[in-house]
Structures are given as C-alpha cells and as structure tokens.
Number of protein chains: 2
Amino acid sequence: MPRLKGADRRTLILEAAERTILRKGLAAATTRDVTSDLGVAAGLLAHYFSWSALRAAAFSHVIGADIERSVTGRMGEAPETVLSDLVDGAFSVEADALWRLWLEATELGSSDPALADAASRGTDRWQAGLSSLLARGRAAGTWACPSPDESSWRIIAILLGLAGLCLIPGSPLSRDAATHHLRIAVRHECGTSA
Amino acid sequence: MPRLKGADRRTLILEAAERTILRKGLAAATTRDVTSDLGVAAGLLAHYFSWSALRAAAFSHVIGADIERSVTGRMGEAPETVLSDLVDGAFSVEADALWRLWLEATELGSSDPALADAASRGTDRWQAGLSSLLARGRAAGTWACPSPDESSWRIIAILLGLAGLCLIPGSPLSRDAATHHLRIAVRHECGTSA
DNA sequence: GACTTTGTTGAGCGGTTGCTCAATTGAGCA
DNA sequence: TGCTCAATTGAGCAACCGCTCAACAAAGTC
C-alpha cells in the first residue's frame, strides 16, 4: 500500500512474481497471487506489466540467478568441485521448484512466445556456462572431455530428463537413483572423476 | 448423434480424446474439443467420464500404443535394429506430439493424481521394455551393457531431456543435433555399435 | 400401442482468469 | 493551503472451464 515511484514498484512486483512462480509454478500462478503477496489491489499489476511479460521476466530472473549461483559465479573455483556440487545438489528437495519451472517453461512456451524466448535464452546461458566449465577442467587436465560444447548439451538433457522423472508424484525414480544416474552420465562425458 | 450402447460410446469418446490430446496437448485440450470432434452434445462426455479420468486414460492408451509399436512389439527383431530405429525416429516431426504429452503429463501430474499415476505406470512399462531390449542385445553379444536396467533409465532420461529442448519454439537444439547427442549417449551405454 | 428404460441434448451454473476503468488517495510543489 | 497528477483501488467485464440437469427421443418389452 505505500506509495512508490514507478520503477520501485516494478521491481517489487517482479520480486513478488518470482516468489509466486517458485511457490506455485508457472502454470498455476495467477496475477492475483502476485498482488496478494504484495498486499496490493489486483488492478495494480496490469498497470505495470502484462502477465505474460511479467511471468517470463520472473522465470528468466530466477533461473539466471540459479545458473549464476551454481556455475557462472564459480569461475574461480576448481572445475571438479563445481561439477561435483552440481551433481550432488541436482535433485535435492530445494531444487524441485526450479526443475518444475524449466519443464513448465518448455510446455507453456508453445503458446506463450515470451516464455519460449526466456527458456531459449536461459538454456543458451546454461549451456555456455557448463561448456566453459568443462573446457576449464579439460585445460587443467582434470578430465578428458573431447568436446565440452557437445558434452554440456548431453548433461543438460539428462539433468532435465532425470528431473522430470523425479517430479512425477509416486515417482518411478528416487532422488538417490537420479543422482546416481547423473553421476555415471557425467563420468561418461568427462572420462575420469566427478 | 447415432444412438449407441454405453460401452461403444465409451470407446468412441476415448478415441476422440486420444485424437484431441495428440492435436492440442494435455493442458489445452477441453471436454468441448472432444465432444465437438465426435459431433455430439457437450453434456454427453460427463455422462461417461470425468475429464480427469478420460484425459489420463487417453494419455495412457496413446503412449502404451507407442511403446508397443516401437519396443515391446518388436521382441522378435534384432535388438540393434530396434534400437537403431528408436534413435533415428526419436526426434522426427511426428514424434513431437508424443513428447509433448510426456512433458505435460509430468507437469500436470503434480495437480492431477490420475495423470500422475498414468505417467508413472507408463514410465515403468517403457523402462521395462527398453531394459529387456538391452538385455537381449547383451545376451546376443551385440553390445556390452553391464546393467541394462540402469542404462534404460539413463536413455529414457536423455530422450525426455533432448525432446524438451527440441520442443522449445526457436529451439536452441535442432532435431539433427538432438539425434546426434542421443546416438552418442546410447553408444556410451551400450559400449559398441547402435 | 402403451410403457419403461436409456442414450442424448444444450442451456446454463458456479468458478476462475487476465484485464479495464472510473473513482479515490496522497506526495510534491507553488 | 490549494492544486496537480501519478499511484492505487476494487468492482466488474468478457471469456473460458468442467459439469449439472430437466427435457427430449429412440429402442426394448409386453
């Protein structure tokens, strides 16, 4: 309810949208969820954003922050440490919401161009980060990995695939099993270690 | 509009539902889509099915038929032929609708127990079929493959993951690239060939 | 042919959604 | 203090959804 300058209100709404999609998912989240999170009238959101644009921006921001936290922002650390942490935390409970966003963005992207664009750009950033991580490890002699650019695509694919299998209620694949499979796939791509 | 015995009407509705979800996807399909496909009043559907149950049954039937067509029903053929066809056709245009169903079932499963159950059972059938295919190939000496049961999970995961990447409009990954990555992943799992 | 049974109709209910817009509020300024 | 105008409100619109239900129509039975 406090009165704010336009730009500040925009960022507050964006942050509320990020919380909302993390809690309810991209498909189930509504404009009213966001405004009630802020304690603000329903009409205010449409004054600053279209729902389609806001939702895509929130998705982009959330996954961008996660890529930064887990890969891009750790360029100074040993590649094997970064990759190992990535594998260990991939299917933790806290990661569920993020995987859900990825899967939903893929699906909703077919009817929401803004979301499709955000998913496409996010994937590119992710792949680029992972690829340079693998290249660093190869350069350091930590592991073989003839083609970091290709390996990163396969690792992303198996991450997304295993995550989807884990997200099915009454899941046919446990988190531990998924982590195990991911570790082996990564070993296939990196030659040794991980 | 012709008058039918209950059981016949049920199968007609189920078939129409299958066509509908293949055309529009699980999330976008509506009960009215199905009844108008049959040229029948909207109220008739609810007389035979709940939408949740019908949608899950249609999904289960569609993917069951595909697993039968591509794996389970080809138990008499050479394992390498079956696997090779699987890889070649995985990301064809015709397969798009099926992959979309898998991804949507995963997502909608979190709010639709019937769909979650169908996805879970479908995954199990798929994994069992693929696992026995790999086991047959190993027994025939076609390829190494120390653990068909584990390899089948990883192949399914990378199939789902690559399919999701291909489905994003303005896709960051082309069909050919996806097929290439799948082929290499399968080679990793099977040792030689494929 | 009268009567029951059952498949079928379609208007409409109750609920949800993103978004509109006239009215209201309050901060900034003369 | 009074004026201005952007920020905010919230009832409500239009569209969509699955599903209900009283009414109708066609077999089946005697």
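A, B, ... follow the sequence lines: proteins, then strands. Residue 1 opens every chain.
Listed in residue order, the members of residues 104-111 of chain B having a heavy atom less than 4.0 Å from DNA chain D come to none.
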With the criterion being N/O to N/O and under 3.5 Å, what pairs connect the protein with nucleotides 18-22 of chain D, and how long is each?
unit_1 : atom_1 : unit_2 : atom_2 : d
D:dG18 : OP1    : B:T31  : N      : 3.3
D:dG18 : OP1    : B:W51  : NE1    : 3.1
D:dG18 : OP2    : B:T31  : N      : 3.1
D:dG18 : OP2    : B:T31  : OG1    : 3.0
D:dG18 : N7     : B:R32  : NH1    : 2.8
D:dG18 : O6     : B:R32  : NH2    : 3.1
D:dC19 : OP2    : B:W51  : N      : 2.9
D:dC19 : N4     : B:R32  : NH2    : 3.3

Could you go over nucleotides 24-29 of chain C and give all protein N or O partners under 3.5 Å, atom names and distances?
unit_1 : atom_1 : unit_2 : atom_2 : d
C:dT25 : O2     : A:R3   : NH1    : 3.0

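Searching all strands for a Watson-Crick or G-U wobble partner of C:dA30 with both distances below 3.5 Å returns D:dT1.
In this structure, CD on B:Q127 lies 10.5 Å from OG on B:S151, to the nearest 0.5 angstrom. How far CZ of A:R74 is from CG of A:D85: 4.5 Å, rounded to the nearest 0.5 Å. In this structure, A:R32 CZ and A:T20 OG1 are separated by 14.0 Å, a value rounded to the nearest 0.5 Å. Distance check: B:I155 CD1 to B:L159 CG gives 7.5 Å after rounding to the nearest 0.5 Å.
In this structure a side-chain-to-backbone donor-acceptor pair under 3.5 Å is missing from B:R55 to B:L115.
Among pairs with a residue in residues 95-107 of chain B, those fulfilling side-chain hydrogen bond (donor to acceptor under 3.5 Å, both in side chains) read B:D96-B:R175, at least two apart in sequence or across chains.
Here D:dA25 presents its C1' atom at 14 Å from CG of B:L4, a figure rounded to the nearest Å. The nearest whole Å value for the distance from the CG atom in B:L12 to the P atom in C:dT8 is 9 Å.
Looking at B:T30 and B:D33, their side chains do bring a donor and an acceptor atom within 3.5 Å of each other.
Residues passing the side-chain contact (heavy atoms from CB on, under 4.5 Å) test with A:S92 are A:E94, A:A95, sequence neighbours excluded.
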Taking distance alone, no hydrogens or angles, what donor-acceptor pairs closer than 3.5 Å link side-chain atoms of residues 163-174 of chain B to residues at least two apart or in another chain?
unit_1 : atom_1 : unit_2 : atom_2 : d
B:S171 : OG     : B:L165 : O      : 3.2
B:S171 : OG     : B:L173 : N      : 2.9
B:S171 : OG     : B:L173 : O      : 2.4
B:S174 : OG     : B:A177 : N      : 3.0

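Salt-bridge annotation for B:R69 and B:D66: present, with a side-chain N of the basic residue lying under 4.0 Å from a carboxylate O of the acidic one.
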